[in-house]
Amino acid sequence: MLILLAAIINQKPIQSMRKHVRWESVLDVSDYQEIVNIVYVGLLGIEKNISEECNDQFYQEYKKSLLLYETYEKVDEVIKWQLERYNIEALFLLDSSIGEMYPKPEMAQIRQIEILVDKKDMPRINRIMQDMDYEHREDSPCSGIVYVRIPGIRIVFYDAMPIENRMLQRFFAGSIKRFRRMEHYQAIHMLSNEEEYLYRVARMVELYITGRLKVRDILDLWQYRKLLGEKFRWKTVNELLDKADWEEFVNQVNILGTLWFGEDAEQQYGVALELEEYIISRGRENRHLDETLLPCEKIRLDFYWRNRDKEWALRKQAWMFPSREYMIRFFPILEKYPFLLVFCWMIRNWRFFRRICTNKCKKAGFRIRVRLLDIQEKMKGMIRKKEEEVEDLPEAALENVVPQAENEEGISLNEDAKEEYELRGRDAEEVGETQHTEGEKDSRAVDAQGVSRDKGAEEDTANIEQTEGDSDV
């Protein structure tokens, strides 16, 4: 399988298989090591004795990998657009650009998209992912928040750089804004070549510790190294790896990559062959290899919880209370004072218990923040809905509202007018009575004048008649 894989990667002719090959086993191993798509491409150009059923399974896995890669490319663009839309600062640690490292994009395998964001943005991201029909899923080996969706899309968000080594943590420390912006985006950031190489190495260390290191990981790093040109700052990167005490690990990974996919055969392959056995055996424990490759990760290799339910059930008691020889590795004082073994057990178990409680508290706090954000968004939506209902009232309703307001004002005006009318009426009555009194006085005066005038007229008439009578005589 590895010979076939190397020929395809290096674009060389594939030799015909002389020995009988159990293609069912090759399919099973290729599927676990996540290289089915590359192996299937190689099978198309050679004569092989393979059953139709097995050949169909190869094709289905290849088709699934190809469709998944195309889907990841679309999802990658949608996620970036959503984060840019809500102005969420995000650093894409691993995305769909891995296809550029291979001669053909369909040879690449994308496990997941990894994104680093601020802790305060996690509740908003949870709402965005749920709106896009993503399902939140627990993953104990993963320190981030995992979202999945059919047909196998996996997006992981981290609120802190998923690296345990202190030297690398200091290197990646700081705000997300300090990383370079991705072209055509304002809130989306990406790693430089050196930063991405260091991050890939860090992820491989995590996979090794958890027993999940595979052929695909060695191949990805090998292909990435081939793409790095002379402008890559190897001296700076190697110095940092040396300070992190990962130099031996990277060296043996490179030797194993050369053994599998290269042509240089002048190196010592002792430890590299142990690493190969570790990968092929799917993470079988090897104490010598652990101490050689990662001497600085001794504590993590011991305390890291793995998904081995049966192993934990059978060795629970032995794990909680290990032997003194085992405990001396972490508590050298036991070599001189063996009676402190009980206290060392308590300290060891307390550390493990504290770590579990811390993880549970983080998850509980995250759920509470998500719930509070949902409540806040619902309240804002209700307020916004009421405002829109008031703004969108029909003209007829507004016409009914305006006359009603006018009527209400009219009522108040009528009441004021009524009061004014009553006041005016009272004033008019008073004025009328005054005029009536004055009229009576005037009429009395007129009558008196009329009487005096009548008396004068009678006297004048009598004088005239008397005059006329005298004249007649």
- Query: Where do R149 and E135 land on the salt bridge (charged side-chain N to carboxylate O under 4.0 Å, His left out) test, with the steps shown first?
  - Reply: CA-CA 6 Å; R149 195 183 69 179; E135 176 187 356; over 6 Å; no
- Would you find more than 12 non-hydrogen atoms of other residues, nucleotides or ligands less than 6.0 Å from F339 atom CZ? yes
- Query: Are R124 and Y86 in a cation-pi contact, defined as NZ or CZ under 6.0 Å from the six-membered ring centre and within 45° of the axis?
  - Reply: no
- Please confirm whether the backbone N or O of N238 pairs with a side-chain atom of D242, one donor and one acceptor, at under 3.5 Å? no
- Under-4.0 Å salt bridge between E206 and R212: no
- Task: Compare all side-chain heavy atoms of Q60 with those of D56 and state whether any distance is below 4.5 angstrom.
- Result: yes
- Message: Once ring-ring contact (aromatic ring centres under 6.0 Å, His included) is applied, what residue pairs with a partner in residues 117-138 remain, sequence neighbours excluded?
- Response: H136-Y147
- Ring-face cation of R348 near F330 (centre distance under 6.0 Å, axis angle within 45°): no
- Side-chain contact test, heavy atoms from C-beta onward, threshold under 4.5 Å: evaluate it for E274 versus H288 and give yes or no. yes
- Query: With no hydrogens and no angle check, do the side chains of S65 and Q109 hold a donor and an acceptor under 3.5 Å apart?
  - Reply: yes
- Message: Can you confirm whether or not the ring centre of Y208 sits under 6.0 Å from the ring centre of Y278?
- Response: yes
- Query: How are the rings of Y40 and F58 set to each other: parallel, tilted or perpendicular (split at 30° and 60°)?
  - Reply: parallel
